[in-house]
Amino acid sequence: QRNAANGSVKFVLGFCLSMVLRLLPIRPWNVEPILAITMPFARAYGPVSSFLFAFLSMVLFDIIVGKIGMWTAVTSLTYGLVAVGAHFWMKLGWKRPILGFAGYALVGTLVFDAITMSSGPGFHGQAWGEALFGQIPFTAAHLLGNLLLSITLSPLLDRYLVREPRLEADALFESWDVKVEQ
């Protein structure tokens with residue numbers, strides 16, 4: 001497991017990428033990059049950093065778009081827990097990380113959608129059947145988007161951002177004689 005403080009520049013880049021992709025005006029419905037971006041970080045930086053990355057990605061987005069509410073709490077905590085699960089899933093020793101990313105995109109999406117779907121009946125008195133029926137197209141789009149992003153974006157981020165030693169904070173700041181404490 002890598003030092004999260006030394007990966008801080010990478011986390012900022014990951015946050016920025018997540019925000020830019022989520023703020024695109026032309027984006028397919030319910031295609032969210034958070035899980036695909038979180039998985040490579042979860043693989044490298046551990047459960048606490050994974051939780052914080054996903055949690056803060058949701059909270060900061062809702063702050064930026066001015067839509068803070070109960071939904072923010074539900075989705076950010078749920079994505080945080082899904083990110084912790086991603087860390088342990090990726091530690092199963094996948095010989096081909098792309099298979100790990102794709103597999104967890106399916107598992108993580110189903111867990112996220114099941115928990116967030118429960119918020120309708122749990123907090124707003126919505127009928128369970130209505131929530132489940134309404135969830136089907138939402139989850140289908142979410143699964144398709146997360147699966148596609150997990151086999152394209154996750155491996156690219158893993159290789160060119162998360163595992164790139166030149167983007168570690170100590171390497172970037174070495175010329176400035178600034179040290180990141182380990």
Side-chain angles (χ1 to χ4, degrees), residues 1-22 31-64 71-116 142-143 145-174 176 178-182:
Q1 181 173 310
R2 296 180 183 180
N3 179 326
N6 204 17
S8 59
V9 173
K10 296 175 183 184
F11 280 101
V12 169
L13 292 172
F15 280 126
C16 291
L17 178 61
S18 175
M19 293 302 144
V20 166
L21 292 175
R22 292 185 78 201
V31 174
E32 302 258 344
I34 293 173
L35 184 57
I37 294 171
T38 299
M39 287 189 291
F41 285 98
R43 183 172 181 243
Y45 290 103
V48 173
S49 297
S50 304
F51 178 90
L52 289 172
F53 182 81
F55 177 85
L56 291 172
S57 291
M58 294 302 289
V59 170
L60 292 174
F61 179 80
D62 285 3
I63 289 170
I64 288 169
W71 188 250
T72 303
V74 171
T75 58
S76 60
L77 288 170
T78 303
Y79 251 128
L81 294 173
V82 167
V84 170
H87 167 73
F88 292 106
W89 178 273
M90 296 309 294
K91 291 298 177 186
L92 292 175
W94 299 92
K95 290 182 181 178
R96 296 191 53 175
I98 194 170
L99 296 177
F101 294 140
Y104 197 72
L106 296 174
V107 171
T109 303
L110 291 174
V111 168
F112 178 84
D113 285 3
I115 293 171
T116 57
H142 206 190
L143 278 168
N146 278 346
L147 185 57
L148 290 173
L149 289 171
S150 74
I151 61 175
T152 57
L153 184 59
S154 296
L156 289 172
L157 289 174
D158 189 47
R159 182 173 183 182
Y160 296 109
L161 179 65
V162 174
R163 289 192 287 153
E164 177 54 59
R166 293 174 294 182
L167 293 175
E168 295 287 333
D170 61 357
L172 289 170
F173 299 129
E174 189 174 86
W176 297 349
V178 176
K179 297 293 179 194
V180 175
E181 292 194 29
Q182 302 268 348

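In this chain, residues are counted from 1 in sequence order.
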Centres of the Phe41 and Phe11 rings: under 6.0 Å?
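Judged by ring-centre distance (under 6.0 Å), Phe41 and Phe11 do meet the cut-off.
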Ring center gap for Phe53 and Tyr45 short of 6.0 angstrom
no
So which heavy atom on [X] is nearest to which on [Y], and how close?
| X | Y | result |
| --- | --- | --- |
| Ala105 | Met39 | N-SD, 4.1 Å |
| Pro47 | Val84 | O-CG2, 3.5 Å |
| Ala83 | Ser50 | CB-O, 3.2 Å |
| Ile34 | Ser18 | CG1-OG, 3.6 Å |

Within this structure, what is the CE-CG distance for the pair Met90 and Asp158, rounded to the nearest 0.5 Å?
7.0 Å
Measure the CG-CE distance between Leu60 and Met19 for me, rounded to the nearest 0.5 Å.
5.0 Å
Just so I know, are the side chains of Leu153 and Leu17 near enough to count as touching, which here means a heavy-atom distance under 4.5 Å?
yes
Within-4.5 Å side-chain heavy-atom neighbours: Leu149 and Leu35
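Counting from C-beta outward, Leu149 and Leu35 never come under 4.5 Å.
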Counting N and O atoms only, with roles assigned by atom type, does the side chain of Ser150 sit under 3.5 Å from a partner on the main chain of Leu147, one being a donor and the other an acceptor?
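Yes, the answer is positive, given that a donor and an acceptor are paired below the 3.5 Å cut-off.
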Of all residues at least two apart in sequence or in a different chain, which pass the side chain to side chain donor-acceptor pair (under 3.5 Å) check with Thr152?
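None.
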In chain order, what residues pass the side chain to side chain donor-acceptor pair (under 3.5 Å) check against Asp62, with sequence neighbours excluded?
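For Asp62 the side chain to side chain donor-acceptor pair (under 3.5 Å) partners, ignoring immediate neighbours, are Thr72.
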After noting the C-alpha distance and the side-chain angles of Tyr79 and Phe112, does the key distance pass the ring-ring contact (aromatic ring centres under 6.0 Å, His included) rule?
CA-CA 7 Å; Tyr79 251 128; Phe112 178 84; 4.2 Å; yes
Could you name each residue pair satisfying side chain to side chain donor-acceptor pair (under 3.5 Å) that touches residues 80-109, not counting sequence neighbours?
Thr109-Asn146
Counting only heavy atoms from other residues, nucleotides and ligands, does the tally under 6.0 Å from CZ of Arg163 exceed 12?
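Atom CZ in Arg163 is crowded, with more than 12 foreign heavy atoms closer than 6.0 Å.
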